[in-house]
Amino acid sequence: MIALAAFRVAAYVRSHRVHQALLLMLALLAIVYGSRAPLGEEVAVAADGAVLTVPVLAWAARSLLDTEPDGQRAMSAVLVGGRVREIAAGLMAAFAACLALAGLAVCWALLLGASALPAGAALPAVLLLYVLGALAGTVLGALTSRASVASPALSIMTLVLAVIVMLLVSASRAYWLTVPLLAWSRAAHDGLLLDRLPWLVLPALLWSAIGILLYARRRLRRGQ
């Protein structure tokens with residue numbers, strides 16, 4: 001299963017599809033961090049970056065999962081001992097790609113976008129937001145991949161709509177129903193990220209777990 005995940009990441013890179021997400025991420029980072037944030041704004045700037053990168057990460061995850069042809073995906077399920085393992089390998093590969101892009105984003109945010117590194121426990125908290133963003137992007141990409149949504153046009157529209165809905169819900173009092181992206185940003189700007197972190201992390205983990213289960217269930221029901 002790990003070998004299949006590594007194979008899929010390698011195929012994603014060799015197919016040059018990775019360049020689409022990479023160039024989009026670099027353009028986003030160049031615009032967002034065109035100038036350094038002043039001292040004291042490090043956490044807020046980094047949290048904003050974690051929010052803004054999620055759509056790009058979702059696109060990257062979707063692109064990686066769509067790289068493998070349907071026939072080869074079915075053959076991979078046979079080789080690794082079942083469709084559940086094949087699904088897990090795909091999610092692992094997508095999450096690895098999202099983590100790599102999120103790592104680029106957080107390094108850019110902290111080294112080039114801020115005047116200093118966040119102090120104390122704020123730095124691990126910021127890194128955790130990027131990991132959660134990579135997880136959310138992986139799940140969004142999986143739910144809108146070709147194996148879940150056959151039509152490419154409908155897949156793209158679903159991805160865009162899902163991101164918009166997530167942002168709208170996360171800005172409301174019902175933020176706990178989704179990945180609370182804008183709640184992350186608001187807490188960071190208010191200087192309350194560490195205090196609210198458990199209540200911001202838990203909804204993200206629960207939403208991601210439910211999304212993974214829905215993706216796996218849909219794949220198993222469709223036999224793809």
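Sequential numbering from 1 along the given sequence is applied to the chain's residues. Only a predicted model underlies this, so the values are computations on that prediction, with no experimental measurement involved. In what follows, every heavy atom counts, from backbone to side chain, and hydrogens, waters and symmetry copies are set aside.
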Exam field: side chain S148 to backbone A142, donor-acceptor pair closer than 3.5 Å: yes
Check this for me: L23, atom CG, are more than 12 non-hydrogen atoms of other residues, nucleotides or ligands nearer than 6.0 Å? yes
Interatomic distance, NE2@H189 vs CD@E41, rounded to 0.5 Å, equals 7.0 Å
> Would you say the side-chain atoms of T178 pair up with the backbone N or O of Y175, donor to acceptor, closer than 3.5 Å?
Replying inline: no
- Message: Looking at R17 and S63, would you say the former's side chain and the latter's main chain have a donor-acceptor pair under 3.5 Å?
- Response: yes
task: Look only at the side chain of R83 and the backbone of A74, and say whether a donor-acceptor pair between them is shorter than 3.5 Å.
output: no
Rounded to the nearest 0.5 angstrom, the CG-CG distance for L194 and L200 is 10.5 Å
| query | Would you find a donor on one side and an acceptor on the other, under 3.5 Å apart, between the side chain of S170 and the backbone of M166? | reply | yes
**Message:** Given 3.5 Å as the limit, does a donor-acceptor pair link the side chain of R62 with the main chain of S145, or not?
**Reply:** no
Backbone of A11 reached by a side-chain donor or acceptor of S15 within 3.5 Å: yes
> Between Y33 (side chain) and V45 (backbone), is there a donor-acceptor pair under 3.5 Å?
Replying inline: yes
Rounded to the nearest 0.5 angstrom, the CD1-CG distance for I164 and L159 is 10.0 Å
By side chain to side chain contact (heavy atoms under 4.5 Å, CB included), V51 pairs with (sequence neighbours left out) L167, L181, L182, W184, S185
Can R219 and Y215 be counted as having a side-chain donor-acceptor contact under 3.5 angstrom? yes
